[in-house]
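Note that the coordinates shown come from a computational prediction; the quantities given were computed from them, not determined experimentally.
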Amino acid sequence: MDDIALPGLPVPPPLGASALPAGTYDGSLVLVTGGGTGLGRAIAAEFARLGADLLIVSRRERHLSPARAELAKLGTRVSSAVCDIRDPQRVSEVFDAHALPDVLVNNAAANFPVATEDMSPNAWQAVVDITLTGTFLMTREFGRRHLAAGTPGSVIDVGASYAWTGGPGFAHSAAAKAGVESLVRTLAVEWGPYGIQVNGLVPGLMPHEDMTDDIRGNLARAVTDANPAGAGTGSGPGDGRAAIGGGRHDRDGTDGRHAENDGSGGCGGVGGSGGVGGSAGVGGVGRHAENGRGGGGAGATDGRDGRHAENGRHAGDGRGSHDGGSQGGHDGGGLGERPAGAADALGRRQPALRVGTPRELGWAATFLASPYARFITGHTLVVDGANWQRRDLVAPPVTPVRDQLGRGPFTG
């Protein structure tokens, strides 16, 4: 491969192109949680290009105001609501205050890396409440109202591939995402007779300009040969699987451990055949818990304990919360292209030999909720260039999660 230039997967059409006919969503309202930043805003933008009106939800107005202005430039009507999706009363109030959405995109989520033995009950609860319970509450409200009205609808849940594989270092998020995947399959059957589709969408590695400084720093470490142990290699030093912005999902970090799943965060080593992160673990920093409080889980020992992402309060020494998080990327806070720089180097570590673009995730979302996908339900579409399926012919040495996170021996 050093001597032969392999093509990899072709690049997608340019930003602004659409995968469906113009006007596909004319007259429709699409609600996107975590829609103020990152992947959430990227998904919202693609619906807008096809004629949809938008309702974007976030815990912080400061994330919503810029997004409203940018999305409105696409010629659509954009409404917003400040909402903690863990609060069933507030969720109900948001639905009461707006027309019934035709499409619900559950994009908000939470995550940060922590060894399970170091995870506090609060850390577990925070991530599960945002990622699983928040998704349930939004979906339940959407479904109940469509059932009562006798109208069809479509739900898309942004997931993570470690819902299937397990997520060492992310037990809370992996368990929550497994629950979300189960909801997709269960509700597709329960609500199919009433005209409601429920599907999942798993992002791949998609850098974007909403990434936090922590994640930008980790990306730089991931693509430099100067610090191979900390470059976020997927299965240990030398594996060459650094990732940022949601390889396998969070929605949050490499491997898609998407932090918040809003798309503004998520960075770490893609564990194709091995664990997340290298011995120093690029994935060890900067995972946000979007839309909620970061729990009290222990962070890495590189001085980053208790760092907030955006939009949240710290709890213990865990990462703070963030409305724009995981898993994934976004073509930019200003709806532009992803940041230049490390994309080529990161792409060489993917089977596709390139990173993804958030618009590709947006195109997938618009297809799944469109009239052209009416017979698709209970399915999860992975948009990651086969990265989550990557395996080595020979398994690399095992690096314990504590070592990947830079933690010392557990002392109780």
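Looking at every heavy atom in both residues, Leu15 comes nearest to Glu46 through CD1-OE2, 4.3 Å. When all heavy atoms are compared, the tightest approach of Ile376 to Gln197 is O-NE2, 2.9 Å. Of all non-hydrogen atoms in Ala364 and Leu381, the two that sit nearest each other are CB-CD2, 3.7 Å. Closest heavy-atom contact between Asp84 and Arg59: OD2-NE, 3.8 Å. Here the closest non-hydrogen pair linking Ala99 and Leu29 is O-CD2, 3.3 Å. Between Leu39 and Pro358, the shortest heavy-atom distance links the atoms CD2-CB, 4.1 Å.
For the pair Arg77 (side chain) and Ala72 (backbone), a donor-acceptor distance under 3.5 Å is absent. Judged by distance alone, the side chain of Thr366 and the main-chain N or O of Phe47 form no donor-acceptor pair under 3.5 Å. The backbone N or O of Ala108 lies less than 3.5 Å from a partner atom in the side chain of Thr33, making a donor-acceptor pair. Under the 3.5 Å distance criterion, the side-chain polar atoms of Gln350 are left unmatched by any main-chain donor or acceptor of Asn387. Remark: the backbone N or O of Ala386 is not paired with any side-chain donor or acceptor of Arg390 at under 3.5 angstrom. The backbone N or O of Thr357 lies less than 3.5 Å from a partner atom in the side chain of Glu360, making a donor-acceptor pair. Using a distance-only test at 3.5 Å, with no hydrogens or angles considered, no donor-acceptor pair links the side chain of Asn107 to the main chain of Val32. Counting only distance, with no hydrogens or angles, the side chain of His379 and the backbone of Leu368 share no donor-acceptor pair below 3.5 Å. The backbone N or O of Ala178 sits nowhere less than 3.5 Å from a side-chain atom of Ser182 that would complete a donor-acceptor pair. A donor-acceptor contact shorter than 3.5 Å is absent between the side chain of Ser18 and the backbone of Leu20.
Using a cut-off of 4.0 Å between Lys/Arg side-chain N and Asp/Glu carboxylate O, Asp157 and Lys177 are scored as not salt-bridged. Under 4.0 Å is where a charged nitrogen must lie from a carboxylate oxygen, and between Arg90 and Glu141 no such pair does.
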- Report the C-alpha distance between Thr139 and Leu187 in whole Å, list the side-chain angles of each, state the deciding distance to 0.1 Å, and finish with yes or no for side-chain contact (heavy atoms from CB on, under 4.5 Å). CA-CA 9 Å; Thr139 304; Leu187 295 180; 3.6 Å; yes
- side-chain contact (heavy atoms from CB on, under 4.5 Å) between Glu117 and Arg402, intermediate numbers included: CA-CA 9 Å; Glu117 63 271 20; Arg402 296 191 67 81; 2.9 Å; yes
- Full working for side-chain contact (heavy atoms from CB on, under 4.5 Å) between Val78 and Thr76: CA-CA 6 Å; Val78 184; Thr76 190; 3.6 Å; yes
- Passes side-chain contact (heavy atoms from CB on, under 4.5 Å), Arg41 versus Ile56? Steps please. CA-CA 8 Å; Arg41 183 159 60 175; Ile56 55 174; over 6 Å; no
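Distance OG/Ser28 to CG/Leu50: 10.0 Å, rounded to 0.5 Å. Between the CZ atom in Phe136 and the CD1 atom in Ile85 there is a gap of 12.5 Å [rounded to 0.5 Å]. Between Leu201 atom CG and Leu361 atom CG the span is 4.5 Å, to the nearest 0.5 Å. To the nearest 0.5 Å, atom CG of residue Asn106 and atom CZ of residue Phe142 are 9.5 Å apart. Summarising the geometry, atom CG belonging to Leu55 is positioned 4.0 Å from atom CG belonging to Leu31; distances are rounded to the nearest 0.5 Å. To the nearest 0.5 Å, atom CD1 of residue Ile130 and atom CD of residue Gln125 are 10.5 Å apart.
Relative ring orientation between His172 and Phe112 is described as perpendicular, the plane-to-plane angle rising above 60° on a 0-90° scale split at 30° and 60°. Ring planes of Trp388 and Trp164: tilted class, angle from 30 to 60°.
Residues Phe95 and Ser92 form no side-chain contact, since every pair of their non-hydrogen atoms from C-beta on lies 4.5 Å or further apart. In this structure, the side chains of Leu346 and Pro207 come closer than 4.5 Å at one or more pairs of heavy atoms. Annotation: side chain of Val30 is not in contact with side chain of Asp102 (no heavy-atom distance under 4.5 Å). Contact check for Leu104 versus Ile156: no side-chain heavy atoms found under the 4.5 Å cut-off. Inter-residue side-chain proximity for Met206 and Val355 is flagged as unmet; no heavy-atom pair is nearer than 4.5 Å. Between Tyr194 and Pro152 the shortest side-chain heavy-atom distance does not fall below 4.5 Å. Side-chain contact check for Glu190 versus Ile196: every heavy-atom pair is 4.5 Å or farther apart. Using a 4.5 Å heavy-atom cutoff, the side chains of Arg145 and Asp96 are in contact.
Remark: the Ser173 side chain and the Tyr162 side chain contain an N/O donor-acceptor pair separated by less than 3.5 Å. Residues Arg68 and Ser80 have side chains that bring a donor and an acceptor to within less than 3.5 angstrom of each other.
Within 6.0 Å of CZ in Arg144 there are 12 or fewer heavy atoms belonging to other residues, nucleotides or ligands.
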